Amino acid sequence: MLAATLHILCLLPLTAQIMRRDPQRDIWLFASICIAAAGTVVVLGLTGEEVQSRGFTAALHWSELSVILIFGGLVICKGPKQIWRLAGYIGAYLLLFGGVAAAFNVFEPVSGPSVSEPVLYSGWLWVHIGTSLVTYALVTLAAIAAMAYVVQEHALKNRRPTRWSRRLPPLRDSEYMLVGFLKWSAWVLVIGIFTGFALRQVEDQSLFYIDHKMLLTLLGFAVICILIFIHEKSTLRGRMAVRFVLGAWLLLTLAFPGVRFVSGYLVG
């Protein structure tokens with residue numbers, strides 16, 4: 001409980017960025033990102049949740065850390081189109097995940113499912129885990145950019161900008177980010193799918209057996225590819241693009257933390 005409380009407190013400064021009158025890429029933003037990352041690392045250290053663990057709360061915490069690190073890296077490197085204006089909303093998303101992890105940590109099985117020894121010492125495992133975390137983080141950032149797009153579009157249609165819409169990236173920048181993040185996630189996900197099949201061989205499983213995780217991952221990849229194809233061929237815009245992004249995020253959420261939840265709490 002102490003670790004969960006500390007984690008939540010460390011996410012509050014980043015979430016508080018949503019209240020700034022004019023979000024800036026300044027020392028306060030950098031400090032809030034560092035505090036959020038440090039808090040997540042500390043909670044992982046205190047709980048002993050390893051990256052190869054198949055526990056539900058471990059999946060949530062490692063997903064949070066990957067989102068923070070990629071977002072922080074993009075902010076530091078002056079990433080795409082005023083991405084720092086999404087800081088408060090990313091903080092709120094992480095706060096939600098942190099709250100869910102804290103609630104379910106109370107009921108986490110003492111001895112959760114773990115990977116087999118041959119897989120644990122396989123290099124494919126670590127590449128697969130890394131690509132899975134990066135893919136999910138990129139799709140998460142795309143989903144948050146999509147929600148920013150919806151808010152800005154609504155404000156422009158009604159010709160009534162709100163204090164919330166003024167703090168978000170412009171409409172065109174939000175669209176650029178949501179499509180750009182999805183394109184990057186598609187390339188990384190190709191590696192993740194390939195290494196997933198490689199792990200099947202290490203475990204002496206059939207390459208043609210499709211479990212729930214693989215099915216949801218493949219569906220998410222298909223949704224991402226369809227959106228990219230339509231966007232390139234017909235300049236897909238507006239809420240249809242947002243629906244594709246949120247659909248891909250939902251499928252990958254079900255494939256990554258969702259499968260861990262089912263195996264840990266419902267089946268296990």
Side-chain angles (χ1 to χ4, degrees), residues 1-11 14 35-72 90-141 143 185 188-189 191-192 195-196 199 202-203 211-214 216-217 220 249-268:
M1 185 59 70
L2 176 62
T5 303
L6 179 63
H7 182 215
I8 297 297
L9 291 175
C10 289
L11 292 174
L14 183 61
I35 292 171
T40 308
V41 171
V42 168
V43 75
L44 286 169
L46 292 176
T47 57
E49 295 169 341
E50 299 177 332
V51 68
Q52 74 272 18
S53 169
R54 289 179 175 172
F56 176 60
T57 58
L60 294 179
H61 286 145
W62 282 101
S63 298
E64 290 177 61
L65 183 60
S66 60
V67 171
I68 295 171
L69 292 179
I70 291 179
F71 172 70
I90 292 172
Y93 169 87
L94 297 174
L95 198 61
L96 174 62
F97 261 42
V100 172
F104 280 92
N105 188 52
V106 179
F107 308 102
E108 186 83 278
V110 177
S111 56
S114 58
V115 297
S116 60
E117 196 165 294
V119 175
L120 183 62
Y121 295 105
S122 170
W124 293 116
L125 173 65
W126 306 106
V127 178
H128 181 69
I129 291 173
T131 53
S132 297
L133 290 172
V134 171
T135 299
Y136 190 65
L138 290 171
V139 174
T140 296
L141 293 176
S185 68
V188 179
L189 189 52
I191 303 175
T195 53
L199 286 174
V202 176
E203 294 180 312
D211 56 12
H212 295 86
K213 179 181 178 181
M214 183 60 72
L216 291 168
T217 302
W249 175 83
L250 177 60
L251 287 169
L252 293 180
T253 299
L254 293 174
F256 186 35
V259 169
R260 305 288 179 86
F261 173 78
V262 172
S263 61
Y265 293 94
L266 300 182
V267 178

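Predicted model, so just to flag it, every value in this text is computed and none were measured.
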(request) Taking the side chain as every heavy atom from C-beta outward, state whether T40 and H7 have any pair of such atoms under 4.5 Å apart. (result) yes
(message) As an exercise, state the distance from CG of L133 to NE2 of H128, rounded to the nearest 0.5 Å.
(response) 9.5 Å
(message) Can you confirm whether L65 sits close enough to V41 that some side-chain heavy atom of one is under 4.5 Å from a side-chain heavy atom of the other?
(response) yes
(message) Under the side-chain contact (heavy atoms from CB on, under 4.5 Å) test against S185, which residue among V134, L252, T135 passes?
(response) T135
(message) To check you understand the geometry: which heavy-atom pair defines the closest contact between I8 and G98, and what is its length?
(response) CD1-C, 3.7 Å
(message) Minimum heavy-atom separation for I70 and A137, please, with both atom names.
(response) CD1-CB, 3.6 Å
(request) Classify the angle between the aromatic ring planes of Y136 and W249 as parallel (below 30°), tilted (30 to 60°) or perpendicular (above 60°). (result) parallel
(request) Quickly, which of T140, V67, L95, L11 forms a side-chain contact (heavy atoms from CB on, under 4.5 Å) with I90? Name it, please. (result) V67
(request) Find out whether L14 and I35 are in side-chain contact, i.e. whether some heavy atom of one side chain is under 4.5 Å from a heavy atom of the other. (result) no
(request) Report the distance from atom CG of L141 to atom OH of Y93, rounding to the nearest 0.5 Å. (result) 9.0 Å
(request) Check whether any side-chain heavy atom of T131 sits under 4.5 Å from a side-chain heavy atom of L189, and report yes or no. (result) no
